[in-house]
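This report refers to the structure that appears directly beneath it.
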Number of protein chains: 2
Amino acid sequence: MSSLSVPPPKRLQKPLAVPYRHMFGPGPSNVPSRILLAGANPVIGHMHPEMFEIMNDIKSGIQYLFQTKNSMTLAVSGTGHTAMECAIFNTVEPGENVLTAVNGIWGERAADMAERIGARVNTVVAPPGGFLTNEEIEQALSKYRPALFFLTHGESSTGVLHPLDGIGQLCHKYNCLFLVDSVASIGGAPLYMDQQEIDILYTGSQKVLNAPPGTAPISFSERACKKIFNRRTKPVSFFLDLKWLANYWGCDDKPSRVYHHTGPISAFYTLRESLAILVGEGLENSWERHEKVAEYFHAGLESMGLKLFVKDRTARLPTVTTIVAPHGYDWKEITTYIMKTHNLEISGGLGPSVGLVLRVGLMGFNSSKANVDMVLEALKDALKHCHKSKV
Amino acid sequence: MSSLSVPPPKRLQKPLAVPYRHMFGPGPSNVPSRILLAGANPVIGHMHPEMFEIMNDIKSGIQYLFQTKNSMTLAVSGTGHTAMECAIFNTVEPGENVLTAVNGIWGERAADMAERIGARVNTVVAPPGGFLTNEEIEQALSKYRPALFFLTHGESSTGVLHPLDGIGQLCHKYNCLFLVDSVASIGGAPLYMDQQEIDILYTGSQKVLNAPPGTAPISFSERACKKIFNRRTKPVSFFLDLKWLANYWGCDDKPSRVYHHTGPISAFYTLRESLAILVGEGLENSWERHEKVAEYFHAGLESMGLKLFVKDRTARLPTVTTIVAPHGYDWKEITTYIMKTHNLEISGGLGPSVGLVLRVGLMGFNSSKANVDMVLEALKDALKHCHKSKV
């Protein structure tokens with residue numbers, strides 16, 4: 001018999017201590033008590049009939065959130081990145097062409113993921129803070145003839161809400177599937193999966209939905225399913241194989257569900273609760289609230305003399321605002337000061353916007369005029385107290 | 001402007017209702033209130049310093065649980081299957097040989113995963129309820145010359161605790177990495193990652209640890225890291241790429257952590273709490289308790305005239321017990337009766353044991369003589385009331 005060579009770590013003898021923060025960065029957002037408490041319900045089995053009912057509730061809630069009648073609608077057991085890989089792994093076979101719209105970090109990551117599984121990837125690039133016209137997209141579709149086109153609806157790294165109208169139709173003209181990342185936007189800005197002919201749409205739980213991170217709603221159109229279920233090769237991931245997930249979520253025509261994996265039970269409770277809150281408010285009310293609050297916020301910023309990074313008003317993401325990093329200041333000093341003095345998270349740039357912007361996320365129940373006032377106060381205070389160079 | 005074509009679903013207007021169950025199947029197990037409440041703490045940022053401290057706590061706890069000094073120790077943001085893919089995706093390149101020990105469902109799944117990424121897979125098969133000798137394993141290693149050998153320590157589908165001593169040394173003799181699945185066993189049965197020369201070890205949160213499903217501890221030896229960080233190809237998954245995960249978990253030598261993905265914050269709280277409870281009890285005490293309770297349970301079953309599926313006493317998993325399906329009964333009627341009448345989950349077989357066994361899991365804080373008595377009562381009651389054929 002061996003003996004223990006690694007002693008019990010002292011650091012785990014201290015109790016868990018978690019501070020409360022105003023989570024006004026690009027996510028995760030604050031989680032209301034109602035959702036946190038839903039997650040503290042007892043754990044039941046992943047194959048119990050009550051769990052299947054909860055999963056059916058979630059499915060209905062996602063169909064409403066996404067505005068889709070797709071029966072292939074479910075939540076991936078993972079974060080937004082898992083859903084992103086689920087979308088790409090299932091729809092793309094090695095050697096196929098993939099086109100990604102790069103207007104921030106997410107398009108780059110989608111390209112990376114597609115390359116790893118042997119796709120031939122091309123990109124069509126918009127300047128940071130800008131977006132692509134339908135003409136530019138059609139040109140790229142016609143040039144590269146991709147099997148899949150990836151676009152981010154709410155580009156949280158640059159603060160752009162990309163227009164969606166007409167792009168699904170263009171993709172289908174070129175026999176291409178249309179994949180949209182709506183992690184930062186869904187629930188906070190209008191999106192109509194079916195009417196806009198989006199083939200694969202996914203999001204995360206921790207933004208407008210205000211649930212903890214760890215589950216990721218996703219939906220597939222019939223057109224997408226047709227391609228997926230007629231693949232020549234198996235997707236690289238067993239865990240994300242849609243054939244298995246479809247059965248686990250009761251989306252196929254099999255008489256019963258077989259064990260695939262153990263879903264994150266508690267996280268499903270919180271996702272269900274967050275969808276129930278959205279249904280209670282109504283999707284259009286939520287869109288309108290985010291729009292009004294964003295307008296109020298943007299006006300407040302401009303009246304302080306700050307500039308918005310996205311020039312085109314109609315392309316400003318109502319959930320995540322990018323502010324041009326104030327001239328003469330160190331952006332890092334500002335975010336650190338605000339965290340320390342106001343217990344409030346705002347963040348710097350990401351990917352192409354690093355050093356260029358401050359990012360403020362007001363998502364879901366965080367999107368209120370009272371919170372805008374709090375952020376504006378904190379920014380004013382920071383600009384007064386942080387070092388300004390004499391440039 | 002479009003209008004909503006999918007109305008708010010009525011089913012989400014009903015409040016979430018979750019029953020309490022005695023979770024005595026092969027997992028998930030019951031989650032104690034202390035852990036559920038830890039998960040209800042406010043959500044903070046995935047890159048906040050307090051979060052990195054919590055992740056460091058988790059890392060220490062896993063090192064203790066696994067009995068390893070590996071710095072490459074972390075929790076995957078997903079369930080056990082995600083960790084399984086993380087292990088295989090990172091260690092195996094297309095065209096390499098993989099050997100999996102199949103003594104239940106997990107070896108089959110590992111083989112499936114490795115095949116999907118282009119490995120050449122061979123299996124070495126033990127009969128259900130049995131295990132492989134070191135001689136059989138050496139023979140297979142010498143015949144197939146794999147880069148990776150997969151073995152399940154606690155085979156929850158058949159109830160076998162596979163011996164581990166000497167296998168790591170054999171693997172290394174043949175220049176092969178040793179990957180062990182300890183989802184159903186770790187914390188409930190002795191395992192010494194470093195001393196037993198295991199190169200990659202993973203588990204799930206929802207078994208002996210009694211946390212909700214959704215996080216998966218994993219650790220890599222230096223030998224494993226050497227192979228992983230000298231790959232010619234990128235792993236198929238960006239989300240599970242160990243280069244990124246290592247930085248996110250502070251396991252590399254980079255000065256700072258960069259954004260990779262948003263971890264499941266609340267689930268990390270629960271994982272930390274479950275590891276703190278284990279540290280409080282002490283690993284050896286936990287092993288001993290599981291062993292004593294299992295012996296008490298097995299004696300009780302035999303005194304009822306029931307037979308254990310695993311003949312060799314030393315190879316019986318103390319966490320999940322497989323009972324030969326009682327002769328003349330329909331196993332499904334028994335589990336259904338016990339759930340309905342005793343609010344208690346036990347389950348049937350899985351994979352090669354379907355129809356052959358009943359499975360009872362007593363894991364973590366569920367492993368107590370009081371719970372054994374409850375299960376034995378329920379089984380006696382079921383055998384009295386369920387239909388017996390006159391065969």
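What you are looking at is a predicted structure, and each value in this text was computed from that prediction instead of being measured. By convention in this document, chain letters (A, B, ...) are assigned in the order of the sequence lines, proteins followed by strands, and residues within each chain are numbered from 1.
Proximity to chain B (any heavy atom under 4.5 Å) is restricted, for A/Thr68, to the backbone atoms N, CA, C and O. For A/Tyr259, the parts sitting under 4.5 Å from any heavy atom of chain B are the backbone and the side chain alike. With a 4.5 Å cut-off on non-hydrogen atoms, A/Pro7 touches chain B through its backbone but not through its side chain. Neither the backbone nor the side chain of A/Ile35 comes within less than 4.5 Å of any heavy atom of chain B. With a threshold of 4.5 angstrom between heavy atoms, A/Pro19 approaches chain B through its backbone and through its side chain. Proximity to chain B is limited to the side chain of A/Asp112, based on heavy atoms less than 4.5 angstrom apart. Heavy-atom distances place no part of A/Ile277 under 4.5 Å from chain B, backbone and side chain included. Proximity to chain B (any heavy atom under 4.5 Å) is shown, for A/Met84, by neither the backbone nor the side chain. With a 4.5 angstrom heavy-atom cutoff, B/Ala267 does not touch chain A via any of its atoms. Heavy atoms closer than 4.5 Å to chain B are found in the side chain of A/Leu283, but not in its backbone.
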> Do B/Asp241 and A/Arg116 pass the salt bridge (Lys or Arg N to Asp or Glu O under 4.0 Å) test, and can you show the C-alpha distance, the side-chain angles, and the key distance before you say yes or no?
Replying inline: CA-CA 11 Å; B/Asp241 187 332; A/Arg116 284 170 187 255; 2.9 Å; yes

>> Checking A/Lys14 against B/Asp57 for the side chain to side chain contact (heavy atoms under 4.5 Å, CB included) test, could you report, in this order, the C-alpha distance in whole Å, the side-chain angles of both residues, the deciding distance, and whether it holds?
In response: CA-CA 10 Å; A/Lys14 286 191 291 185; B/Asp57 292 345; over 6 Å; no

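Remark: B/Leu16 CG to A/Leu37 CG distance equals 11.0 Å, nearest 0.5 Å. Atom-to-atom distance recorded for B/Leu12:CG and A/Asn56:CG is 10.5 Å, nearest 0.5 angstrom. Going from atom CD of A/Glu345 over to atom CD1 of B/Ile44 covers 9.5 Å, rounded to the nearest 0.5 Å. Note that NE2 of B/His48 is 4.5 Å distant from CE of A/Met23, once rounded to the nearest 0.5 Å. Atom CZ in B/Phe238 sits 14.5 Å away from atom CD1 in A/Ile117 (nearest 0.5 Å). Rounding to the nearest 0.5 angstrom, the gap separating the OG atom in A/Ser5 from the OH atom in B/Tyr64 is 11.0 Å.
Between the side chain of B/Glu50 and the backbone N or O of A/Val18, no donor-acceptor pair lies under 3.5 Å. Looking only at distances, a side-chain donor or acceptor of A/Gln67 sits under 3.5 Å from a matching main-chain atom of B/Val6. Within the 3.5 Å criterion, the main-chain N or O of B/Ser3 finds a donor-acceptor partner in the side chain of A/Gln195.
Ring pair B/His81/A/Phe239 is parallel by interplanar angle, where below 30° counts as parallel and above 60° as perpendicular.
The residues A/Arg11 and B/Glu53 are annotated as salt-bridged, a charged nitrogen and a carboxylate oxygen being separated by less than 4.0 angstrom.
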